Student: 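Take a look at the following structure, please.
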Amino acid sequence: MLVEWHDGLSVGIQEIDEQHKVLVELLNALHDAIREHHGREASVAILARLADYTRIHFTVEESLMRILGYPEYDEHKQHHESLIAQLHAFQQRVSDGEAITFELLHFLRNWLTRHIQEGDTRYTEFFLSRGAQRNWQKKGWLDRFWSGIAG
């Protein structure tokens, strides 16, 4: 496994943690596809799903930040935009015929874990102080939506 989920990656809000787990699963699936030589098409498809889900996740986080008045919104959004631009550049390189490399995987792993541990954990207490719940009462719409597409 490229990334193993552990408590250090938890922000303490189930909705966000579950979305982060999907990102970890997709990153691990991409790693497996490359390591086990599943072929270019499989790797490109997983990279596309990873990029799409990343955009969805960032939209959810940014929406919560705007709704709750998070004071570090602009800085956090800039980090999101930077990763999206880098993901798009990687996708373009792959589209131009370049192979998906372990360099990309390690970049994504390092970015994701650092972003969660250094950036996302900073908003937890703020979100909770504004009424966010640590745990769901029901399965979230995004999880239901994504599992219907991913399945």
Side-chain angles (χ1 to χ4, degrees), residues 1-36 38 42-96 98-136 140-143 145-147 149-150:
M1 230 185 295
L2 185 65
V3 180
E4 189 168 343
W5 183 263
H6 54 85
D7 288 344
L9 293 176
S10 173
V11 299
I13 299 174
Q14 187 177 7
E15 180 74 26
I16 302 299
D17 285 344
E18 294 300 323
Q19 291 176 23
H20 286 161
K21 287 176 185 177
V22 171
L23 291 171
V24 166
E25 288 171 12
L26 288 167
L27 191 54
N28 284 330
L30 183 58
H31 178 256
D32 289 346
I34 292 169
R35 189 175 44 113
E36 296 171 7
H38 289 176
S43 296
V44 168
I46 296 168
L47 180 59
R49 287 176 55 207
L50 177 62
D52 289 345
Y53 194 82
T54 299
R55 284 185 198 93
I56 290 168
H57 169 67
F58 287 172
T59 299
V60 170
E61 274 191 355
E62 291 166 13
S63 294
L64 288 170
M65 288 176 187
R66 282 192 314 273
I67 290 166
L68 299 173
Y70 185 59
E72 295 177 38
Y73 167 78
D74 290 329
E75 179 184 344
H76 203 96
K77 182 171 176 50
Q78 185 62 36
H79 287 285
H80 287 172
E81 289 173 355
S82 173
L83 178 65
I84 294 297
Q86 289 169 321
L87 271 172
H88 180 72
F90 278 121
Q91 283 183 294
Q92 187 59 51
R93 286 171 38 193
V94 168
S95 176
D96 293 342
E98 201 172 307
I100 299 174
T101 64
F102 288 106
E103 167 201 358
L104 167 63
L105 291 172
H106 291 290
F107 162 77
L108 291 172
R109 179 194 65 202
N110 292 338
W111 191 95
L112 179 64
T113 56
R114 188 175 41 232
H115 182 73
I116 291 170
Q117 292 173 326
E118 295 173 9
D120 289 355
T121 55
R122 289 204 321 251
Y123 63 62
T124 300
E125 289 309 314
F126 183 86
F127 281 15
L128 293 171
S129 74
R130 297 293 198 266
Q133 300 296 306
R134 283 196 182 275
N135 299 305
W136 303 332
W141 70 269
L142 185 61
D143 187 51
F145 173 78
W146 183 253
S147 61
I149 291 175

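Quantities reported herein were computed from a predicted structural model and do not represent experimental measurements.
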Student: For Ile46, check side-chain contact (heavy atoms from CB on, under 4.5 Å) against everything at least two apart and list the hits.
Tutor: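 Partners of Ile46 under the side-chain contact (heavy atoms from CB on, under 4.5 Å) test: Ala29, Leu30, Ala33.
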Student: My understanding is that only residues two or more places apart in sequence, or in another chain, count here; which of them pass side-chain contact (heavy atoms from CB on, under 4.5 Å) with Phe127?
Tutor: Ile13, Leu64, Met65, Leu68, Tyr70, Tyr123, Ala132
Student: Who passes side-chain hydrogen bond (donor to acceptor under 3.5 Å, both in side chains) against His79, sequence neighbours left out?
Tutor: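 His79 satisfies side-chain hydrogen bond (donor to acceptor under 3.5 Å, both in side chains) with no residue once adjacent residues are dropped.
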Student: Determine whether a donor-acceptor pair (N or O, by modelled atom type, separation under 3.5 Å) exists between the side chain of Asn28 and the backbone of Glu4.
Tutor: no
Student: Is there a donor-acceptor pair under 3.5 Å between the side chain of Gln133 and the backbone N or O of Gly131?
Tutor: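 Such a contact is found between Gln133 side chain and Gly131 backbone.
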Student: Return the set of residues passing side-chain hydrogen bond (donor to acceptor under 3.5 Å, both in side chains) with Glu103 (not counting sequence neighbours), or none when no residue passes.
Tutor: none
Student: Kindly write out the residues that satisfy side-chain contact (heavy atoms from CB on, under 4.5 Å) with Ser95, not counting sequence neighbours, or none if the list is empty.
Tutor: Gln92
Student: Return each pair, listed once, that meets salt bridge (charged side-chain N to carboxylate O under 4.0 Å, His left out) where at least one residue sits in residues 68-82; pairs must be two or more places apart or across chains.
Tutor: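 Found Glu62-Lys77, Glu72-Arg122, Glu75-Arg122, Lys77-Glu81.
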Student: Which atom pair, heavy atoms only, marks the closest approach of Tyr53 to Leu26?
Tutor: CB-CD1, 3.9 Å
Student: Just wondering, do Glu61 and His80 contact through their side chains at under 4.5 Å, heavy atoms?
Tutor: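 A side-chain contact exists here, since the closest heavy-atom pair is under 4.5 Å.
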Student: Quick one: closest heavy-atom pair of Gly69 and Phe126, and the distance?
Tutor: O-CZ, 3.3 Å
Student: Listed by chain and number, what are the salt bridge (charged side-chain N to carboxylate O under 4.0 Å, His left out) partners of Arg66, not counting sequence neighbours?
Tutor: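 Salt bridge (charged side-chain N to carboxylate O under 4.0 Å, His left out) check on Arg66 returns nothing, list empty.
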Student: I'd like to check the salt bridge (charged side-chain N to carboxylate O under 4.0 Å, His left out) partners of Arg130; sequence neighbours left out, ordered by chain and number.
Tutor: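 Partners of Arg130 by the salt bridge (charged side-chain N to carboxylate O under 4.0 Å, His left out) criterion come out as none, since no residue qualifies.
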Student: Is Thr54 reaching over with its side chain to a backbone N or O of Leu50, donor-acceptor style, under 3.5 angstrom?
Tutor: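 At least one qualifying donor-acceptor pair exists.
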Student: Under the side-chain hydrogen bond (donor to acceptor under 3.5 Å, both in side chains) test, which residues partner Asp120, sequence neighbours left out?
Tutor: His20, His76, His115
Student: Less than 4.5 Å apart, any side-chain heavy atom of Leu23 and any of Leu108?
Tutor: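 A side-chain contact under 4.5 Å is absent here.
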Student: Hey, could you give me the CD/CG distance between Glu98 and Leu104, rounded to the nearest 0.5 Å?
Tutor: 9.5 Å
Student: List the steps and the verdict of side chain to side chain contact (heavy atoms under 4.5 Å, CB included) for Val3 and Leu9.
Tutor: CA-CA 10 Å; Val3 180; Leu9 293 176; 4.2 Å; yes
Student: With side chains defined as the heavy atoms from C-beta onward, is the minimum distance between Phe107 and Leu112 less than 4.5 Å?
Tutor: no
Student: To the nearest 0.5 Å, how far apart are CD in Gln91 and CD1 in Ile84?
Tutor: 9.0 Å
Student: Between Arg55 and Asp52, does any NZ, NE, NH1 or NH2 come within less than 4.0 Å of an OD or OE carboxylate oxygen?
Tutor: yes
Student: Give a yes or no answer on whether the side chain of Thr124 reaches the backbone of Gly12 with a donor-acceptor pair at less than 3.5 Å.
Tutor: no
Student: My understanding is that only residues two or more places apart in sequence, or in another chain, count here; which of them pass side-chain hydrogen bond (donor to acceptor under 3.5 Å, both in side chains) with Asp32?
Tutor: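 Asp32: side-chain hydrogen bond (donor to acceptor under 3.5 Å, both in side chains) contacts with Arg35.
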Student: How far does CG of Leu27 sit from NE2 of His106, to the nearest 0.5 angstrom?
Tutor: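 With rounding to 0.5 Å, CG (Leu27) is 10.0 Å from NE2 (His106).
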Student: Distance-only, no hydrogens or angles: does the Ser10 side chain make a donor-acceptor pair with backbone N or O of Asp7 under 3.5 Å?
Tutor: no
Student: Kindly indicate whether the side chain of Leu87, heavy atoms from C-beta on, has any atom under 4.5 Å from the side chain of Leu47.
Tutor: yes
Student: Tell me which pairs pass salt bridge (charged side-chain N to carboxylate O under 4.0 Å, His left out) where either residue lies in residues 21-30, with sequence neighbours left out.
Tutor: Glu18-Lys21
